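The structure appears right after this line, and notes come after that.
Bear in mind the structure is a predicted one, so any value in this text is a computation, not a measurement.
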Amino acid sequence: MLEDGKTVGIILQKGEANSLQAVINPFEDITSGQLFILKDNDKLSLGRLDSYEYINEFYDEKIPMLKSLIVDNNSFELLNMNTIIKGSISIIKRYNHNSTPKPGSLVKLLPEINSEISLMEFYGISDISGNIKYGKFVGSDIPLLLDLNSITMHVGIFGETGSGKSYNMRYLIYLLSNIEIKGVKTALPLVIIDANGDYSDFASINYSVVKGGRKWIKRFVIRDPINDSESRLTIDLSLFTPKDLADFIISLKFSGESLNSLQSNLLDFILSRHDIKEYNFLLGTDEGIEKLKSEFQDPSLKEIGFSYGTLRAVLSALEIFRSKMITKYKLVSNTSSINESVLELLWKNKGMLIIDFSADGSPGVDIATKQLIVSYISRLILNYLTKTKYSGSQKLIGFVIEEAQNYIPSNDYPVNASITKDTLVTLATQGRKFGVSLFLVSQRPAFVDKYVLSMLNTFFFHRIYHEDLRYVMSASGGLPESLAKSLPSLDVGYVIVNGLMSELKVPALVRIPWDPRLGSYAGSVERIDRLLIGE
């Protein structure tokens, strides 16, 4: 089956290591990164086109007739007839042999694959039941198989604005919602931090797209719900330590940009005198805030070194916290809307929770408040999965975080995210043992914490900024030079996939199919020229 593809070229010579030189039919539409079958008698190999150039036996920039070539129409036909493609091909897989294709070996397009047996033959595996079919290799109709058993090794999806990364995430959500294993339809339970409302339609108008293996989808917002698909988001502060809450409340006063350690220590001291079960009352109700404020009248506080100015500053910070969390957002509750019972429902129904941080779902909510929520959900997921693991009932949850740089920033990104960073680092390093699969989505991988990046083992790279290229190379363990060079100019709809989930086990250029139902939801804008004239 593998040798059934069309012959388009021939190997000329061997280069260094696994590199080969070939000539290819100039009328073939090829691209760097494309895969080919190499046939050396009965020995077959899989090769990747690293680079290519058009050469012509008549062309020489120094020939006297050069000027006449550009004015004589007949010269175009002459050059076209004698043009070939010279390509450099790397061997990435050998099928049951260890030799290198000799000169004269054939270069063939990938064959058509119409059965699971043929697909297993192509990949050299004995079972594909634990895989999902993702896109198609460029220049073929063969899907890239993604191994679900490697999904807890964490995933990174990176690309600049307009590169197609949100569409790719929607496509992945669609695939993970329609998993079929041995005839059974199922789905990966997902919790999604939706930064811009790119996924909120899955809970309502586009529910049919992801309902395949899911029986339950809920969208959480920080405002009054307007339909049955929405619920108001509230959180439980008892999951935080006194130090976490003290640091957050004090930093909130400074818009999350700095922290007064003396003020934080004082608030930590006061909160530590209470059981964590009291925190929702103390920090989630007006009565509780007043009770907490009264404790700052204790004369002993001055005796142990806290000044009157520090006391007043902490009281001011509590008022700011009250204004936002109680009055404005109504965020704190003993009966939080997302809790372990909800996660149990999520697991049983293979459902999806969408935390809508868009301007529609959470109007006016600042980044510090979003960080508190992400930290809460991270702790909740880890606690839930840890308990189920130790009780002998393994569970699995995918945690998608859009704009990941706002929650696990690198030292180069000017955002204070102490309340989320430590927790997400724990999820990245320890969560995989308990069934957490992180999906980090970002426009700027250079602004995501380097340690967390090193914990990701599967990458989907869209078009990226030039200055991010070295971070991508470092995080992913390196890409072939030809693929790395293409990243800053990669077309929308194309993605380079590398890592443990890929059954190919080497970086691959993949074309994602277009589905109007998966087209960018919140970010799409109608044609401006038509809008201006009222069409």
Side-chain angles (χ1 to χ4, degrees), residues 31 33 132-138 141 143-144 146 151 155-179 187-188 190-212 214 217 219 352 354-361 398-405 438-445 456 458-465 468 472 486-499 501-502 508-528:
T31 185
I132 58 174
K133 297 175 182 178
Y134 174 86
K136 302 289 178 63
F137 292 118
V138 168
D141 287 322
L144 171 63
L146 297 179
I151 203 167
V155 176
I157 301 171
F158 302 118
E160 67 183 36
T161 301
S163 64
K165 69 178 183 307
S166 292
Y167 177 86
N168 183 27
M169 190 67 244
R170 287 171 66 87
Y171 176 57
L172 280 170
I173 291 171
Y174 163 74
L175 294 178
L176 295 172
S177 301
N178 293 275
I179 300 170
L188 174 71
L190 289 175
V191 176
I192 302 173
I193 303 300
D194 186 0
N196 301 300
D198 288 317
Y199 315 103
S200 60
D201 61 308
F202 288 150
S204 52
I205 60 175
N206 276 325
Y207 172 70
S208 60
V209 178
V210 293
K211 74 174 184 179
R214 302 190 190 281
I217 299 176
R219 176 190 181 199
M352 184 161 65
I354 302 168
I355 316 302
D356 188 354
F357 280 164
S358 70
D360 171 55
F399 190 19
V400 180
I401 305 178
E402 280 267 357
E403 296 191 359
Q405 73 277 0
L438 282 176
F439 292 77
L440 302 183
V441 186
S442 177
Q443 299 173 13
R444 299 298 309 273
L456 306 180
T458 299
F459 296 89
F460 295 81
F461 294 122
H462 297 264
R463 184 178 67 249
I464 63 170
Y465 298 100
D468 284 333
V472 163
S486 71
L487 278 173
S489 58
L490 206 59
D491 287 338
V492 175
Y494 292 83
V495 58
I496 294 172
V497 184
N498 186 29
M501 283 190 71
S502 169
L509 181 60
V510 178
R511 169 175 44 89
I512 305 173
W514 172 255
D515 185 334
R517 300 172 305 166
L518 298 174
S520 180
Y521 176 65
S524 62
V525 177
E526 296 293 336
R527 283 187 54 125
I528 292 175

More than 12 heavy atoms of other groups within 6.0 Å of F137 CZ: yes

Counterpart residues, ring pair (Phe, Tyr, Trp, His ring centres under 6.0 Å), relative to Y134 (two or more places apart): Y171, F460

NZ/K136: more than 12 non-hydrogen atoms of other groups inside 6.0 Å: yes

Test item: R170 side-chain N/O and R517 main-chain N/O as donor-acceptor pair under 3.5 Å: yes

For D141, all residues meeting side chain to side chain donor-acceptor pair (under 3.5 Å), sequence neighbours excluded: none

Side-chain donor or acceptor of D201 paired with backbone N/O of N206 under 3.5 Å: no

Distance in Å, L190 CG paired with I173 CD1, rounded so as to fall on 0.5 Å steps: 6.0 Å

Rounded distance (nearest 0.5 Å) linking atom OH of Y207 with atom CZ of R214: 9.5 Å

Under 3.5 Å: donor-acceptor pair, side chain of T458, backbone of M501: yes

Spacing of CG belonging to L518 relative to CG belonging to N168, to within rounding of 0.5 Å: 10.5 Å

For D198 against S166, the heavy-atom pair lying closest together: OD2-OG, 3.5 Å

Full working for side-chain contact (heavy atoms from CB on, under 4.5 Å) between Q443 and K165: CA-CA 8 Å; Q443 299 173 13; K165 69 178 183 307; 3.3 Å; yes

I193/E402 under side-chain contact (heavy atoms from CB on, under 4.5 Å): CA gap, chis, key distance, verdict: CA-CA 6 Å; I193 303 300; E402 280 267 357; 5.6 Å; no

Distance-only polar pair, side chains of D360 and S358, donor-acceptor under 3.5 Å: no

Where I132 and L175 come nearest, the two heavy atoms and their spacing: CD1-CB, 4.0 Å

Shortest non-hydrogen contact from L456 toward F158: CD1-CZ, 4.0 Å

Sub-4.5 Å side-chain heavy-atom contact between T31 and R511: no

side-chain contact (heavy atoms from CB on, under 4.5 Å) between D194 and S200, intermediate numbers included: CA-CA 8 Å; D194 186 0; S200 60; 4.2 Å; yes

For the student: nearest non-hydrogen atoms of Y494 and L509, plus distance: CB-CD1, 4.3 Å

Shortest non-hydrogen separation from G135 to P513 and the atoms involved: CA-CD, 3.8 Å

From L146 atom CG to I151 atom CD1, the distance as rounded to the nearest 0.5 Å: 8.5 Å

S502 versus L144, closest heavy-atom pair with distance: OG-CD1, 3.3 Å

Pairwise distance CD1(I192) to CZ(F439) - rounded to 0.5 angstrom: 9.5 Å

With sequence neighbours excluded, residues passing salt bridge (charged side-chain N to carboxylate O under 4.0 Å, His left out) with E160: R463

From D515 atom CG to Y167 atom OH, the distance as rounded to the nearest 0.5 Å: 5.5 Å

Beyond-backbone contact of L172 with V400, side-chain heavy atoms, under 4.5 angstrom: no

